[in-house]
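In this chain, numbering begins with 1 at the start of the sequence shown.
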Amino acid sequence: MSLLSIHKNIIMQLEKQLNSFFIGIDFSVIEEKIEEAYFRCINALSASNNKYLNPDGIPCFSIEHSGCWAVFLYYLSNCLKNVPGGANCAAKIFYLNKILHGVDWYYEIELPPHFMVEHPLGSILGRAKYGDYLLIYQGVTIGGNVSLNTGQITHPVIGNNVVFFSDAKVLGDVHVGNSVIFSANSYVINENIPDNSIVFGSSPNLVIINDKQRVERYMRQVWRQD
């Protein structure tokens, strides 16, 4: 399918979905950022080993794949946030993503160039600093909490090559190193996680296993990194 056809299908899909829920949409503003959001999504897909979205190393953008469409809608809303007249459109697309996919990825949050999801239903990605090569599963929550040191609301800093399995939660004054796997139902609050770790359990009784070889082996399954 040609790039022109893909963009035409994206616009038709967006118009139908947005018009089903909202009024007063300036589609001329949205159309200006379709190409940028599309190529940001393709860039993410090209690094993924997802068998549906990057078979044989060829990124396959699909408006019928809910994970792909959710990531695209985030990138589009993020692209629009600083465009004249774009903030209103960004807010509606963010809301559309929440309606369609049950995700809360606010358009002012800067998610990384290589961001992928598996069954992201119920995920909340709050105000944190996100490193590159981020993968999340369902029910993941990343957000703020009161710091024990300052009494102020603080947010996590996430390193590169981090995977959050289902219902993992990271809140508050947390620094996550590079190459970290959060197991299902792990819960971290106001604690730091070193590089090359696999995290189990809940604060303050976390189990942190340092296993660089196992973590790197899993990351190679997830991402096509040169």
Original post:
Judged by atom type as modelled, is there a donor-acceptor pair below 3.5 Å linking the side chain of D56 to the main-chain atoms of I58?
Top reply: no

Subject >> D195 backbone acceptor or donor facing N210 side chain under 3.5 Å >> reply: yes

Original post:
Quick check: does any side chain N or O of N97 sit under 3.5 Å from a backbone N or O of A70, one acting as donor and the other as acceptor?
Top reply: yes

Subject >> Residue pair E118, N50: steps toward the side chain to side chain donor-acceptor pair (under 3.5 Å) verdict >> reply: CA-CA 9 Å; E118 292 282 354; N50 186 294; 3.1 Å; yes

**OP:** Identify the two heavy atoms, one from E15 and one from F27, that lie closest to each other, and give their separation to 0.1 Å.
**Re:** CG-CE2, 3.4 Å

Sequence neighbours left out, cut at 3.5 Å: what donor-acceptor pairs do the side chains of residues 80-90 make with other protein atoms?
from	atom 1	to	atom 2	distance (Å)
K81	NZ	E110	OE2	3.3
N88	OD1	K92	NZ	2.7

Subject >> Side-chain donor-acceptor contact under 3.5 Å, N196 with R214 >> reply: no

Original post:
Under 3.5 Å, is there a donor-acceptor pair between the side chain of N178 and the main chain of N160?
Top reply: yes

**OP:** Report yes if the distance between the aromatic ring centroids of Y130 and Y74 is under 6.0 Å, otherwise no.
**Re:** no

Original post:
How close do L53 and C68 get, heavy atom to heavy atom, and via which atoms?
Top reply: CD2-CB, 3.8 Å

Original post:
Given the rule in the ring pair (Phe, Tyr, Trp, His ring centres under 6.0 Å) test, do F72 and F61 qualify, once you have shown the distances and angles that lead to the verdict?
Top reply: CA-CA 9 Å; F72 171 78; F61 182 90; 5.5 Å; yes

Original post:
For the atom pair OH (Y52) and CD (E64), what is the distance rounded to the nearest 0.5 Å?
Top reply: 15.0 Å

**OP:** Applying side-chain hydrogen bond (donor to acceptor under 3.5 Å, both in side chains), name anything that partners N54, two or more places apart in sequence or on another chain.
**Re:** none

Original post:
Where is the tightest heavy-atom contact between W105 and P120, given as atom of each residue plus distance?
Top reply: CZ2-CB, 3.8 Å

**OP:** Taking the side chain as every heavy atom from C-beta outward, state whether D167 and Y137 have any atom pair closer than 4.5 Å.
**Re:** no

Original post:
Other than L171, what residues sit in its cluster of Ile, Leu, Val, Met, Phe, Trp and Tyr side chains whose heavy atoms are under 4.5 Å apart, directly or through others?
Top reply: Y187, I189

**OP:** Could you pull out all residues at least two apart from R220 that satisfy side-chain hydrogen bond (donor to acceptor under 3.5 Å, both in side chains)?
**Re:** none

Original post:
How close do H175 and N192 get, heavy atom to heavy atom, and via which atoms?
Top reply: N-OD1, 2.9 Å

Original post:
Between N190 (side chain) and G172 (backbone), is there a donor-acceptor pair under 3.5 Å?
Top reply: no

**OP:** Report the distance from atom CG of L134 to atom NE2 of H114, rounding to the nearest 0.5 Å.
**Re:** 12.0 Å

**OP:** For K8, enumerate each residue passing the side-chain contact (heavy atoms from CB on, under 4.5 Å) test, keeping only those at least two apart in sequence or located in another chain.
**Re:** M12

Original post:
Mind checking whether Y218 and F165 have parallel, tilted or perpendicular rings, split at 30° and 60°?
Top reply: tilted

Original post:
Measuring from N145:CG to Q152:CD, what's the distance to the nearest 0.5 Å?
Top reply: 12.5 Å

Original post:
Which pair of non-hydrogen atoms, one from H155 and one from G143, has the smallest distance, and what is that distance?
Top reply: CD2-C, 4.1 Å

Original post:
Are Y95 and F21 close enough that their ring centres sit under 6.0 Å apart?
Top reply: no

Original post:
Partners of F200 by side-chain contact (heavy atoms from CB on, under 4.5 Å), sequence neighbours excluded?
Top reply: S183, I198, V207, I209

Subject >> N49 side, atom CG; R224 side, atom CZ - distance, nearest 0.5 Å >> reply: 4.5 Å

**OP:** Identify the heavy atoms of V174 and E191 that sit nearest to each other, and give their distance.
**Re:** CG1-O, 2.9 Å

Original post:
Just wondering, do I34 and L76 contact through their side chains at under 4.5 Å, heavy atoms?
Top reply: yes

Subject >> Pairwise distance CG(D104) to CG(L125) - rounded to 0.5 angstrom >> reply: 8.5 Å

Original post:
Does the S197 side chain pair with the main chain of I193, one donor and one acceptor, at a distance under 3.5 Å?
Top reply: no

Subject >> Polar side chain donor-acceptor pair, N78 to E108, under 3.5 angstrom >> reply: no

Original post:
How far does OG of S62 sit from CH2 of W69, to the nearest 0.5 angstrom?
Top reply: 9.5 Å

